[in-house]
Enquirer: 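I'd like to ask you about the structure that follows.
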Amino acid sequence: MKREGSPRNIDERSFEFACDVVVLCEKIRRRRGAATLIASQLLRSGTSVGANLAEARSGQSKADFLAKCRVSLKEARETHYWLRIIHRTGILQTSEVDTLIEESNELIAILTAIVKNASRPAA
């Protein structure tokens with residue numbers, strides 16, 4: 001969820017997003033059945049977005065940076081998918097899910113721009 005006065009760069013956003021995903025998954029895991037399996041998938045993908053960005057920052061080359069950013073983008077898209085399932089199936093009916101869906105859309109847009117810009121040939 002957006003925090004007032006906090007840094008809004010992609011690294012910080014992806015970290016805060018991961019923390020919010022962890023909290024949401026803890027709420028979901030109190031349930032049984034498919035909800036716990038979905039929570040596991042969401043936890044993996046939602047925390048992987050920022051982890052791959054952190055790895056990209058120390059990439060050994062532009063190609064390495066780009067590859068890790070692409071993985072981060074894929075994980076953001078997967079996270080968005082699981083959040084939509086949680087919302088649609090009513091596993092959780094909270095504004096927190098809607099906020100995370102919105103933030104995942106924004107992260108996807110930012111990561112798409114990063115990948116496109118990094119993919120351009122050097123001038």
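This is a predicted model, so every value here is computed, not measured.
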Enquirer: Is there a side-chain contact (heavy atoms from CB on, under 4.5 Å) between E106 and R13 once you walk through the steps?
Expert: CA-CA 10 Å; E106 291 180 23; R13 283 180 82 157; 2.3 Å; yes

Enquirer: Suppose we screen for side chain to side chain donor-acceptor pair (under 3.5 Å). Which residues come up paired with T47, at least two apart in sequence or across chains?
Expert: none

Enquirer: Check salt bridge (Lys or Arg N to Asp or Glu O under 4.0 Å) between K27 and all other residues, then give those that pass, not counting sequence neighbours.
Expert: E96

Enquirer: Any chance you could measure C25, atom SG, to I38, atom CD1, to the nearest 0.5 Å?
Expert: 10.5 Å

Enquirer: Output the distance between atom CG (L37) and atom CD1 (I28), rounded to the nearest 0.5 Å.
Expert: 11.5 Å

Enquirer: Applying salt bridge (Lys or Arg N to Asp or Glu O under 4.0 Å), which residue pairs with at least one partner in residues 29-48 are found, sequence neighbours left out?
Expert: none

Enquirer: Looking at side-chain heavy atoms only, is the closest gap between W82 and L100 below 4.5 Å?
Expert: no

Enquirer: S104: what forms a side chain to side chain donor-acceptor pair (under 3.5 Å) with it, not counting sequence neighbours?
Expert: H80

Enquirer: Tracing side-chain links under 4.5 Å among I, L, V, M, F, W and Y, which residues wind up in one group with L43?
Expert: V22

Enquirer: With rounding to the nearest 0.5 angstrom, report the OG1 to CD1 distance, T89 to I91.
Expert: 3.5 Å

Enquirer: What is the minimum heavy-atom distance between G46 and F17, and which atoms define it?
Expert: O-CD2, 4.0 Å

Enquirer: Under the criterion side-chain contact (heavy atoms from CB on, under 4.5 Å), I'd like the reasoning laid out for L111 against L53: C-alpha separation, chi angles, the key distance, then a yes or no.
Expert: CA-CA 9 Å; L111 289 166; L53 276 176; 3.8 Å; yes

Enquirer: Begin with the C-alpha distance, continue with both residues' side-chain angles, and end with the deciding distance and a verdict on side-chain contact (heavy atoms from CB on, under 4.5 Å) for T79 and L107.
Expert: CA-CA 11 Å; T79 302; L107 288 171; over 6 Å; no

Enquirer: Check whether any side-chain heavy atom of L42 lies under 4.5 Å from a side-chain heavy atom of I85, and answer yes or no.
Expert: no

Enquirer: Let me check something: any side-chain donor-acceptor pairs from residues 66-76 under 3.5 Å, sequence neighbours excluded? List them with distances.
Expert:
residue, atom, partner, partner atom, Å
K68, NZ, D64, OD1, 2.6
R70, NH2, S119, OG, 3.3
S72, OG, V49, O, 2.7

Enquirer: If the condition is salt bridge (Lys or Arg N to Asp or Glu O under 4.0 Å), which residues does R57 pass it with, not counting sequence neighbours?
Expert: D11

Enquirer: Could you give the distance from OH (Y81) to CZ (R77), rounded to the nearest 0.5 Å?
Expert: 15.0 Å

Enquirer: First locate atom CD1 of I86, then atom CZ of R84, and finally report the distance between them rounded to the nearest 0.5 Å.
Expert: 12.0 Å

Enquirer: Under the rule for salt bridge (Lys or Arg N to Asp or Glu O under 4.0 Å), what residues qualify as partners of D98, not counting sequence neighbours?
Expert: none

Enquirer: Tell me the closest heavy-atom pair linking S45 and E78, and the distance in Å.
Expert: CB-CD, 3.8 Å

